[in-house]
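Reviewing the structure listed below.
By convention here, the first residue in the shown sequence is residue 1.
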Amino acid sequence: MTTPADESSRPLDAPGFADAVTVSWADPEAGWFGMARLGVAADGGSALAVLFEGIEPVGAYARGALRLPATPDWSSLAVGPLRTTVDAPLEHWTVAWDGEGSGFELTLDAISPPAEVTRADPVARLGGMAAYEQLVRVRGTVRSGEEAVAIDGLGQRGHSWGVADWSSLAQVRSVSGWLGEEHGGFVVSSLRPDGAEGHGEEIAWATLVERGEIVSVADPRLSTTYDGAGHPRRTGLELWVTEEPGYPVRAAGEILCGSTLELGSLRLDLAFVRWHSRGTTGVGRYDVLRKA
């Protein structure tokens, strides 16, 4: 039996059940940003990858119904041109994308314990997905055309599983900030129920990472300014750790780069953010997944 934060593959024994690993990362000094998502389900695998150089996307891949091994295993798994390994559970991994003309080969080292979204959490009850997230140090190589560049940055690795219930959802926002091994960071999920009229009706979950420890957030508040096409441009966070009077952890961010991917019945607006929080500057991601 698997515990919530467990690297094992989940049984694909329910209609619509999916098991996925997602890695997002950034090296803003070198000017590279990327993500990779490998998914497994009873009807096949899915692979999603994006690579940015500065503000420009230089490579993207999104495919479903890909062939999988008879017994998919996260300890070493390839889905299409993406592959990943678990070298030390919850501590050390690899992820690679062998794209046409672009790609990356990276090692990941945990800089936080897993922050868990259990089945009992309101966001899991609404969206159907349990998960855990970890902040990571990212090193390796990216390539675009004939160029190969060494990467030393920060990022996030998540493992999620369940049956996503889009009959009850209008959109999902996934927001994170990576402020370094000393300053930690944060992870936020905000789900808008179908038929909701505004952000006030969203169900949110958040956690802080401080000095390498997980700190639960009682009341996360996320505000965003969008452009005319609905893409986020600026954002702000207030993370109230307790419900008692006091002061929240605040962060303000502006979008560095982003792109939109059509994923069948869903649309993903994927962006990377420059964050400012408590005298520290970092980077992170801001994703909006909604019905197409």
Within the side chain of R173, is there an N or O that forms a donor-acceptor pair under 3.5 Å with the backbone of Q171? no
- Task: Show the numbers, then the answer: is there a side chain to side chain contact (heavy atoms under 4.5 Å, CB included) between V188 and L239?
- Result: CA-CA 9 Å; V188 181; L239 302 177; 4.2 Å; yes
Here the ring-ring contact (aromatic ring centres under 6.0 Å, His included) pairs for residues 167-192, sequence neighbours left out, are F186-W275
Quick note, salt bridge (charged side-chain N to carboxylate O under 4.0 Å, His left out) partners involving residues 279-292, not counting sequence neighbours, are D194-K291, D269-R290, R285-D287
**Prompt:** Does the side chain of Q134 reach to within under 4.5 Å of the side chain of L90, using non-hydrogen atoms?
**Reply:** yes
Q.
When you compare the side chain of P15 with that of V163, does any pair of heavy atoms fall below 4.5 Å?
A. no
* Quick one: do H92 and L108 satisfy side chain to side chain contact (heavy atoms under 4.5 Å, CB included)? Show the steps, please. => CA-CA 6 Å; H92 184 77; L108 318 173; over 6 Å; no
Beyond-backbone contact of T242 with D219, side-chain heavy atoms, under 4.5 angstrom | no
Open item on the list: With a 3.5 Å distance limit and no angle check, can you tell me whether D227 reaches the backbone of A229 through a side-chain donor-acceptor pair?
Closed with: yes
Closest non-hydrogen atoms of A292 and G264, given as atom of the first, atom of the second and distance, are CB-O, 4.0 Å
Result for side-chain contact (heavy atoms from CB on, under 4.5 Å) between W205 and one of P122, S189, S190, S216 points to S189
Checklist entry - H159 and D6: side-chain donor and acceptor closer than 3.5 Å? => result no
Please list every donor-acceptor pair under 3.5 Å in which a side-chain atom of residues 49-69 meets a protein atom from a residue at least two apart or in another chain.
none

Note to self: Is any side-chain heavy atom of L289 closer than 4.5 Å to one of R267?
What the structure shows: no
Is it true that T260 and H231 share a donor-acceptor pair across their side chains at a distance under 3.5 Å? yes
To the nearest 0.5 Å, atom CZ of R37 lies from atom CG of L268 at 10.0 Å
Nearest heavy-atom contact between S277 and A251 is CB-CB, 3.8 Å
- So do the side chains of T235 and T225 get within less than 4.5 Å of each other, counting heavy atoms only? no
Here the gap from L106 atom CG to T141 atom OG1, rounded to the nearest 0.5 Å, amounts to 8.0 Å
In short, A206 meets P220 closest at the heavy-atom pair CB-CB, 3.6 Å
Of all heavy-atom pairs linking I255 and P232, the shortest is CG1-O, 3.1 Å
Under 3.5 Å donor-acceptor, R143 side chain and G99 backbone | yes
From the list F33, F272, F104, ring-ring contact (aromatic ring centres under 6.0 Å, His included) partner of W25 resolves to F104
Indicate whether any N or O donor in one side chain lies under 3.5 Å from an N or O acceptor in the other, for E133 and Q156. yes
Across all chains, not counting sequence neighbours, the side chain to side chain contact (heavy atoms under 4.5 Å, CB included) partners of P193 are L126, A196
task: List the steps and the verdict of side chain to side chain contact (heavy atoms under 4.5 Å, CB included) for V40 and L12.
output: CA-CA 8 Å; V40 299; L12 306 176; 4.3 Å; yes
Between the CG atom in L77 and the OG atom in S75, the distance rounded to the nearest 0.5 Å is 8.5 Å
For this session: Using the side chain to side chain contact (heavy atoms under 4.5 Å, CB included) rule, take W166 and L266 through it: C-alpha gap first, then chi angles, then the decisive distance, then the call.
Result: CA-CA 10 Å; W166 280 95; L266 301 175; 3.7 Å; yes
ask   = Does the distance from a Lys or Arg side-chain N to an Asp or Glu carboxylate O, for R157 and E7, drop under 4.0 Å?
value = yes
side-chain hydrogen bond (donor to acceptor under 3.5 Å, both in side chains) filter on R119, not counting sequence neighbours, yields none
In this structure, are over 12 heavy atoms from other groups packed under 6.0 Å from E147 atom CD?
yes
Take a 6.0 Å sphere around CZ of R234 and say whether it holds more than 12 heavy atoms from other residues, nucleotides or ligands.
no
Whether the T224 and R233 side chains hold a donor-acceptor pair (N or O, under 3.5 Å, no angle test) is what I'd like checked. no
Which of D109, D152, D27 passes salt bridge (charged side-chain N to carboxylate O under 4.0 Å, His left out) with R137? It is D152
Review point. Would a distance-only check, ignoring hydrogens and angles, find a side-chain to backbone donor-acceptor pair under 3.5 Å from S112 to L135?
Key: yes
Here the pair of heavy atoms bringing T281 nearest to L179 is C-CD2, 4.4 Å
- Query: What's the verdict on side chain to side chain donor-acceptor pair (under 3.5 Å) for T94 and T85, showing C-alpha distance, side-chain angles and the deciding distance?
  - Reply: CA-CA 5 Å; T94 68; T85 65; 2.5 Å; yes
Original post:
Does some side-chain heavy atom of T22 sit less than 4.5 Å from a side-chain heavy atom of L38?
Top reply: no
Residue set satisfying side chain to side chain contact (heavy atoms under 4.5 Å, CB included) with E238, at least two apart, ordered chain then number -> R221, W240, P248, R250
S9 side chain to W74 backbone, donor-acceptor under 3.5 Å:
yes
Open item on the list: Taking the basic N atoms (NZ, or NE/NH1/NH2) and the acidic carboxylate oxygens, is any pair closer than 4.0 Å for R274 and E254?
Closed with: no
Could you check whether any side-chain N or O of D73 sits under 3.5 Å from a backbone N or O of S76, counting only pairs where one atom can act as donor and the other as acceptor? no
All heavy atoms of I203 vs all of V123, minimum pair found to be O-CG1, 3.6 Å
Between R139 and E105, does a salt bridge (Lys or Arg N to Asp or Glu O under 4.0 Å) hold up when you go through it step by step?
CA-CA 9 Å; R139 298 180 176 91; E105 189 163 349; over 6 Å; no
Query raised in the report: Does any non-hydrogen side-chain atom of R83 lie less than 4.5 Å from one of W97?
Result: no
**Request:** Give the cluster check for M129 versus M35: same hydrophobic cluster or not, with ILVMFWY residues linked at side-chain heavy-atom distances below 4.5 Å.
**Result:** no
To the nearest 0.5 Å, atom OG of S46 lies from atom CG of L82 at 9.5 Å
- Task: Check whether any side-chain heavy atom of V175 lies under 4.5 Å from a side-chain heavy atom of L222, and answer yes or no.
- Result: yes
